[in-house]
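To find a chain, count down the sequence lines: A is the first, B the second, and so on, and within it residues start at 1.
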Amino acid sequence: MLQINDVHAGYGNLKILRGVNMQVPTGGIVTLLGGNGTGKSTLLKAVSGLIPLMEGEVLFDGVAISKMKPHERMRLGLVQVTQAKEAYPAMTVEENLVLGAYTRRDRARTLADLERVFEFFPVLRERRKQLSGTLSGGEVQMLVIGRGLMAKPKMLMLDEPSAALAPKVVLEIFANINRIAKTGVTILVVEQNVRMALILAQYGYIIRDGVIMMEGEAKKLISDPAVKESFLGGSVANTAKALRN
Amino acid sequence: MALLETRNLSKSFGGLQAINDVSLKVEPNTVHGLIGPNGSGKSTFFNLLTGVYQPDAGSYIEFDNVEVTGKPAHYIAEQGLSRTFQLLRLYGELSVLDNVLVGFHPHTKYSSFAPFFNGAEVRRQDQIVKDEMFELLEFIGLAEHAEIPAAELSGGQRRLLALGRAIAMRPKMLLLDEPGAGLSPVNVDSLMDTIMTLKERYELTIVVVEHILKVVMSTCETISVLDHGQKISEGTPEFVKNDPAVIEAYLGREMADEDIRAAMDA
Amino acid sequence: MSFDYSSLLAFIIFGVTIGVVYGIVALGISLIYSGLDIVHFAHGEMYMFGAFFGLVLAHNVGVPYPIALIGAMVLTALLGMAVERVFYRRLTRAGGGYTVAGMGMIICGFGMSVALVNVAYFIWGAEAEPFRANLDYIPRLSFPGDIEVPESYVLTAIISVALMAALHYFLRHTKTGLAVRAVAHNKDIAYLMGINVPLMISLIFGLACALAAAAGVLIGPMQSVQVEMGYLMLMKAFAAAVVGGFGSLPGAILGGVMVGVFENLGAAYISPSHKDIYAFLLLILVLMFKPSGLLGVEAKVKA
Amino acid sequence: DDIRVGITMRMVSENGQAYGQMMMDEIKGINEAGGIHGKMIKATLMNDECKSDKGVANANKMVFQEKVHLLIGSSCSSVTLPIVDVTAKAGVPQLVPHSTNSKITQKGSEWIFRVPVSGRYYGGVNAKYVGENIGTKIAYICAADAASVGDCANMEKQMKARFGVEPAYRADVQEKEVDFRSHMQKIKSMNVDGILVAALAETMARALVQSYEAGIGEGVRRIGSSSASNAPVPKIAGDAAKGVFFTAAYAAADQRPIAKLFNEMVKSRYGIHAPDHDFSQAYDLVRIMEIALKNTNFTGSLADDRTAIRDAIANVKGYQGLASGPISFCAAATPQCRDGNRTAVLIGYTKGGENFETEVLARVTMEEDFGLE
Amino acid sequence: MGILSSIADFIDGLAKRHRLLPWLLAYLFLLPLPFILATVFNEYLIDLANRICLFILLAVGLNIVKGFCGQVTVGHIGLYAIGAVTSAVLTLEPGGFGGALGFGWPIWAAIPTAVLVTAFAGLIVGLPSVRLEGAYLALATLGLGESVRIFIAVTPALGSSTGLMMIPAPSIGSFVFDSFTSYYYLVMTAAIVGIYFSFSILRSATGRAFQAIREDTIAASVNGINVVKYKLLAFVLSAIYAGLAGALFAHMPPGYLHHNNFTVIEMVTLLLMVVLGGIGNVWGGVIGAIVVAIAYDQTKDLVFYFMDRPVVVQPLVFGLSMVLLVMFMPRGIGGWIEDFQRNRRFIRRSEERLGGTARNS
Ligand SMILES: Nc1ncnc2c1ncn2[C@@H]1O[C@H](COP(=O)(O)OP(=O)(O)OP(=O)(O)O)[C@@H](O)[C@H]1O
Ligand SMILES: Nc1ncnc2c1ncn2[C@@H]1O[C@H](COP(=O)(O)OP(=O)(O)OP(=O)(O)O)[C@@H](O)[C@H]1O
Ligand SMILES: [Mg+2]
Ligand SMILES: [Mg+2]
């Protein structure tokens with residue numbers, strides 16, 4: 001579905017990505033992991049076209065999309081959900097969601113999808129008339145994922161969907177991502193919550209300083225001591241322990 | 001004597017009751033956790049305490065034996081209540097040093113007109129303060145970056161600076177709103193160290209909101225749990241994490257990898 | 001002297017008829033503000049250019065008045081889009097808000113206003129031009145108390161209301177309208193929604209300038225057309241947009257009418273020489289009591 | 001060595017540009033005909049936008065940097081007023097093309113000479129005519145620009161002095177007022193004999209049009225202030241200009257050959273249907289300057305030359321050009337000596353529109369002291 | 001660059017030894033300027049320098065409220081007008097020549113009073129800032145500023161359309177400040193003192209509070225800054241500058257004021273100075289004032305002939321250059337200076353660090 005070949009990109013003169021290679025198979029869930037500031041979000045922006053490539057190419061569904069405008073890529077079914085907190089603050093929740101379906105012409109199906117998003121995230125139904133600028137952090141996160149879904153994507157790229165969410169919601173979100181994947185949507189998810197991400201995904205990449213440092217089957221990575229050392233030091237893994245004690 | 005006490009604290013936005021009759025006490029020199037589902041009102045609670053929002057009628061907030069209900073934010077800050085924000089809100093164009101100097105503002109000794117009449121005194125005092133703030137920057141590990149604008153810091157350094165700015169106020173109490181969000185696991189560990197050191201070194205009382213349970217569970221003496229604006233539980237970490245109401249509303253069941261995978265597939 | 005109710009009625013009617021014109025210019029300003037987050041200080045010049053385009057079409061080309069109106073709207077929309085594309089685009093891309101970039105926008109707008117006035121001056125000269133339109137097919141309105149409203153004002157009121165209704169429908173009930181509003185807040189995300197952002201920006205600008213042109217052509221027959229006509233209209237329209245609430249379309253009209261009536265009453269009963277102050281007075285009064293304007297929504301961002 | 005002349009005028013307005021251009025053309029004509037005693041006139045033209053600070057800066061620049069022998073300007077009273085002090089202090093003769101405010105010459109500068117008719121004469125002529133031929137129940141609409149405020153005040157004073165009447169209605173409106181309907185509505189119910197509209201051209205034209213729209217009949221006479229002579233008034237007001245009368249310093253309907261020649265010259269060179277008095281005054285000014293310069297003995301010392309030019313202008317007596325009456329100056333620094341033209345013509349529009357027509361109703365010469373109490 | 005940084009180092013060094021020394025040097029340096037201008041060029045340039053000094057005062061003052069405190073005001077010119085008209089009316093003789101109001105005060109009492117009145121007016125212009133932000137504030141202050149001008153324009157007691165005239169020039173004993181040169185010492189001193197104080201403010205807690213409000217109002221209030229007080233303070237301080245500049249303008253020969261010296265175009269010119277120089281940078285305002293005033297003056301007699309018609313191109317050039325400036329140099333000249341300073345600091349810091357480690361090892 002998505003093929004990233006030797007991508008270099010960055011901001012202005014500053015090069016962040018230095019030759020990234022990745023593949024996301026159709027219908028699969030792939031996760032991209034890495035420490036703070038290693039270039040995960042930058043890679044997603046390069047794929048969705050928010051920043052230009054310096055070198056390399058990106059193929060989506062076999063089509064070279066490197067030269068396309070963001071909205072053109074989006075029309076092909078490549079949808080990105082950015083790193084939280086980027087809803088339209090002065091619009092209501094419902095308007096935000098409807099915007100997600102902007103490129104679609106089938107009104108009836110759009111409404112059905114709206115219902116589906118409300119089923120995934122019932123809070124949003126309660127808040128449908130509220131301005132999204134006043135939502136709590138977690139609510140906004142749900143809103144932007146829901147909005148991504150409204151576009152009826154072939155592939156969804158999620159940037160840290162579980163950040164700043166309550167533990168219970170984290171599982172819900174991941175379960176929902178899984179359900180979304182089951183409906184045939186290809187998923188690329190960037191995460192800090194390593195354990196959950198690797199449970200969810202079939203395949204994982206670990207990025208460091210703008211290059212892919214390690215990759216492999218998620219099942220293998222989760223038990224790989226090297227990964228554990230650099231990532232599983234904290235967060236959910238230890239939460240379990242803390243709770244047990 | 002509690003350092004901070006709220007009674008019947010309420011706040012509604014239009015039809016939404018964001019905080020509903022919360023009474024809470026924080027004892028001096030403790031670390032107090034505040035957890036709860038998203039949208040349960042934790043940040044709103046902080047906003048009410050620090051005067052960013054005005055509470056509804058009937059609420060009562062007392063800090064350090066002074067009633068501060070409905071007082072303006074700067075007044076409350078002057079009483080010694082300091083905080084960080086979920087979205088940091090640093091002064092992006094100011095240098096790192098200036099950021100902490102602004103934090104020191106309530107303790108400025110000269111009047112705001114002094115630069116006109118008594119420039120020498122202003123400079124003398126500023127020099128003293130600057131030295132002091134430099135020490136603080138050394139403590140949080142940003143001394144090297146004192147001169148660069150805050151906007152040029154990396155994500156993790158920004159969180160540190162936000163903390164530094166809050167401490168520069170020499171507060172009696174520090175409110176931390178999700179200090180660990182977005183930090184990689186390694187950085188979360190050093191955050192916990194920092195919190196404990198702060199408490200000791202500055203004899204601070206700290207209230208921390210955090211979703212990364214490890215942080216609250218291992219640093220807090222007491223934890224309060226909010227849900228839909230109401231306090232649903234309070235006690236030691238041990239008590240809270242076994243409270244069925246908290247598990248139901250917030251924690252969820254503790255699960256092994258396989259169970260999680262099964263739950264996802266369900 | 002006993003209080004004269006019929007002249008009070010007259011002043012109110014006069015205020016309303018001129019107020020709707022303020023309203024349509026304000027509508028454009030409001031649209032640009034809500035769409036692009038910028039206060040367009042050169043909008044008065046769009047109004048002026050619109051009036052001149054209409055004049056050229058009606059007098060030099062010789063088309064009938066209604067066609068001249070539409071032609072002027074199209075031409076001015078094109079002019080506005082060109083100005084936006086060539087000059088403003090760079091700035092709006094740098095970010096909205098009223099920090100450095102926002103200040104830049106104010107100055108840029110003023111600069112553009114000065115430049116456009118001088119371009120117009122070069123083309124048409126400083127002298128005012130009469131705009132004679134044959135409006136005999138429109139009825140003259142008569143009110144009790146010997147008040148007559150000439151046909152040009154009647155026409156203005158009708159067209160203004162129609163334009164507003166059309167715009168309101170467009171923004172609230174079409175998907176393109178929703179997209180226009182989305183572009184306002186965050187262009188990056190609008191891109192990710194699949195919205196053609198540059199096109200929307202041009203669309204917003206074009207619409208707003210077309211509205212200003214309509215006002216210019218409508219008011220031409222009443223007040224003649226002159227290169228310097230833009231500034232005063234801009235001030236009134238600003239007042240109207242703010243009084244009604246920036247970003248609120250019905251608000252712009254309400255604001256326009258209020259400004260029109262308020263200044264007419266002030267001029268009639270307090271002092272005619274302070275007339276322009278009344279609009280500002282109203283603006284400041286409203287802002288002090290309702291900072292977001294009468295019908296504006298307060299988009300407070302959460303702390 | 002040239003004779004340096006500085007001109008500061010409002011360039012972006014009405015015919016401002018054309019006046020400036022005509023002055024430059026006339027000066028070029030003098031140079032082409034051999035100049036003054038073999039010297040060329042070097043003229044610098046600057047735009048003061050009708051703003052006093054810019055005008056003063058222009059004057060300073062011309063006096064101290066360009067080192068002009070003679071300064072011409074400005075066309076706006078509010079700019080001329082401060083420049084009078086600049087030229088008085090620096091000792092530079094100044095010729096005023098068309099600022100009518102009476103205070104300009106009352107400041108007592110030895111260096112100032114006014115070519116146009118001072119505003120104080122207009123009021124008297126207007127009042128006399130109105131009171132004797134139209135009636136004394138007059139409504140006043142006065143715009144807030146310097147000229148119109150003066151015109152209104154002078155008229156009001158003279159109506160009071162001659163006929164003992166106060167205005168029947170008076171509205172002080174803004175300089176660029178566009179909506180007079182509420183005033184007209186009030187005036188309509190008052191049965192006045194006439195309406196004085198004192199305003200700049202466009203504003204006046206709008207008021208005239210709106211007075212008919214409000215339903216005030218032709219029986220009520222419309223009286224204009226001196227700017228009624230500017231072409232935009234009949235052009236914009238159209239039919240509403242017909243019957244309007246006003247006082248000015250030049251009538252295009254003047255039957256003298258010199259006037260006819262001038263009208264044709266302006267029409268062919270600048271494409272203007274009929275010149276107003278601002279045109280004629282700008283032209284007269286250049287002629288007066290030429291006469292004065294010809295009578296000056298240039299010594300080569302700037303200060304002496306400036307003084308000599310001043311004295312030469314003060315010696316201009318009975319100049320008969322386009323102006324409504326003879327222009328004479330004298331040496332004393334008084335308004336009596338320096339308001340050169342004391343003759344106002346009463347002009348009426350007989351047809352409005354682009355190709356408007358006027359007629360001369362009367363021509364009145366006033367005493368030197370008139371209006372100075 | 002080498003020369004620049006050695007000059008900057010030199011000044012820094014001086015400032016370390018004595019705080020006021022660089023200022024005194026600058027003052028001494030500027031003292032003979034009129035004589036240089038008059039002999040090398042011509043007297044007119046002194047007049048230009050005087051006007052530049054007034055613009056510097058205005059721009060530096062505007063920078064306090066706009067650049068430091070981040071409040072978008074378009075009403076500054078109204079304050080300038082208030083300062084000018086107040087001082088003028090106070091000093092004019094009652095029943096004097098112009099027919100305007102007059103109180104016959106001595107000038108040295110009138111100027112401080114005018115500054116106080118303006119400061120108070122600044123407080124009022126600042127009031128909307130308590131509740132309004134961004135565009136709303138810009139329009140509210142625009143309204144207030146224009147209202148001041150219109151009010152002056154229609155009030156005969158304040159000059160209305162004929163203006164206030166023959167406003168007396170200041171004098172000490174028998175020495176009258178009525179020549180370009182003597183007035184230069186008055187306005188130049190005022191400008192230097194104004195710049196100095198502007199720096200003092202910026203580098204004090206007051207200045208930091210202003211900047212904190214500019215960056216994030218909510219965070220500032222939580223940091224114990226009384227936002228309302230400091231916003232108003234910024235307006236009042238900038239009004240003091242405007243009031244002083246206005247009063248000095250009123251008494252500057254030929255002592256004439258007219259309401260159209262205070263229109264929106266003048267306001268925009270001021271904004272242009274601040275932005276060209278660099279917002280939030282004290283030297284920015286100074287440089288902007290100098291550059292704009294000189295550029296304006298030099299393009300004054302730029303007349304092109306198009307088909308034998310003289311076309312005054314200055315306004316067009318002025319407008320377009322404003323647009324292009326904002327487009328291509330949004331941070332102004334001050335932006336360069338800041339970058340330069342930052343680089344220098346960076347180099348010095350790394351040198352110190354290297355030196356430090358060298359000693360340790
Ligand atoms: N707009 C920008 N301009 C310049 N540099 C940037 C910009 N955005 C990010 N960077 C830099 O690029 C690098 C990579 O940033 P990126 O956002 O991709 O990190 P990330 O892997 O998503 O980290 P995190 O886990 O903290 O979100 C960082 O060093 C950051 O400072
Ligand atoms: N200014 C406001 N206007 C309207 N509603 C608000 C406002 N601020 C907060 N809310 C609402 O109050 C509720 C509590 O919000 P709050 O930000 O306090 O949650 P939280 O507990 O901090 O959540 P999170 O953990 O996600 O940060 C939310 O439903 C939010 O939508
Ligand atoms: Mg990221
Ligand atoms: Mg929160």
Side-chain angles (χ1 to χ4, degrees), chain D residues 6 8 11-12 16-18 20-21 24-25 44-67 76-79 81-90 101 103-104 106-108 143-150 153 172-175 269-270, chain E residues 37-38 41-48 50-51 54 84 97-99 150 152-156 159-167 169 178-180 249 252-263 265-266 293 296-303 305 308-316:
Chain D
T8 173
M11 296 292 286
V12 183
Q17 210 175 36
Q21 191 185 354
M24 297 299 266
D25 289 348
T44 317
L45 181 61
M46 284 184 192
N47 179 16
D48 59 34
E49 301 166 32
C50 201
K51 293 192 167 179
S52 58
D53 52 349
K54 306 246 159 66
V56 168
N58 286 355
N60 279 336
K61 187 167 191 169
M62 294 202 270
V63 167
F64 295 99
Q65 183 169 315
E66 309 287 325
K67 308 224 183 301
C76 295
S77 293
S78 59
V79 183
L81 277 166
I83 295 182
V84 170
D85 297 323
V86 174
T87 51
K89 202 157 102 197
N101 191 297
K103 295 221 164 56
I104 290 171
Q106 286 170 13
K107 279 191 160 181
D145 62 276
S148 308
V149 166
D172 291 288
V173 301
Q174 302 176 139
E175 184 174 337
R269 269 213 252 157
Y270 309 109
Chain E
L37 289 178
F41 304 99
N42 59 68
E43 253 181 280
Y44 167 71
L45 294 185
I46 310 173
D47 179 46
L48 183 60
N50 290 352
R51 275 179 283 131
L54 294 181
F97 178 73
I150 298 172
I152 295 171
V154 298
T155 310
S160 72
S161 54
T162 39
L164 293 170
M165 55 193 99
M166 301 181 117
I167 304 162
D178 64 348
S179 71
F180 295 157
F249 175 57
M252 185 159 91
Y256 182 84
L257 287 180
H258 191 269
H259 66 86
N260 66 15
N261 298 339
F262 310 111
T263 64
I265 289 294
E266 274 75 25
Y296 203 92
D297 189 75
Q298 286 307 307
T299 53
K300 195 171 255 176
D301 35 6
L302 215 59
V303 179
Y305 283 85
D308 258 5
R309 222 177 97 187
V311 181
V312 186
V313 284
Q314 194 200 29
L316 183 62

*Nearest-0.5 Å distance that lies between atom CG in E/L45 and atom CG in D/N60*: 11.0 Å

*Can we say E/E43 and D/K67 salt-bridge, meaning some charged N sits less than 4.0 Å from an Asp/Glu carboxylate O?*
no

_Looking at chain E, which one of D/K107, D/M62, D/Q174, D/M24 has the largest number of heavy-atom pairs inside 4.5 Å, strictly under?_
D/K107

_With a 4.5 angstrom heavy-atom cut-off, is it the side chain or the backbone of E/I265 that approaches chain D, or both, or neither?_
side chain

*Can you tell which part of E/I46 gets under 4.5 Å to a heavy atom of chain D, answering side chain, backbone, both or neither?*
neither

_Distance (rounded to the nearest 0.5 Å) between E/N260 CG and D/D53 CG_ = 7.0 Å

*How many angstroms lie between atom CG of E/L48 and atom CD of E/Q298, to the nearest 0.5 angstrom?*
7.5 Å

*CG/E/L164 to OH/E/Y256 distance, rounded to the nearest 0.5 angstrom?*
8.0 Å

_E/T162, part contacting chain D, at a heavy-atom distance under 4.5 Å_ = both

*Does a side-chain heavy-atom distance below 4.5 Å link D/Q21 with D/R269?*
no

_Options D/A144, D/A59, D/C76, ranked by heavy-atom pairs under 4.5 Å with chain E, top entry_ = D/A144

*Is it the backbone or the side chain of E/F41 that comes under 4.5 Å from a heavy atom of chain D, or both, or neither?*
neither

*asked:* At a 4.5 Å cut-off on heavy atoms, which part of E/D47 comes close to chain D: side chain, backbone, both, or neither?
replied: side chain

*Do the non-hydrogen side-chain atoms of E/M165 and D/D85 ever get within less than 4.5 Å of each other?*
no

_What part of D/D25 gets within 4.5 angstrom of chain E, counting heavy atoms only: side chain, backbone, both, or neither?_
neither

*Could you have a look at E/V154, E/I150, E/D297 and say which one has the most heavy-atom pairs with chain D under 4.5 angstrom?*
E/D297

*Which of the residues D/L81, D/V149, D/V84, D/D172 is involved in the greatest number of heavy-atom pairs with chain E at under 4.5 angstrom?*
D/L81

*Most contacts with chain E, counted as non-hydrogen pairs under 4.5 angstrom, among D/I83, D/T44, D/D145, D/V63*: D/D145

*If you measure from OG on D/S77 to CD1 on D/I104, what distance do you get to the nearest 0.5 Å?*
4.0 Å

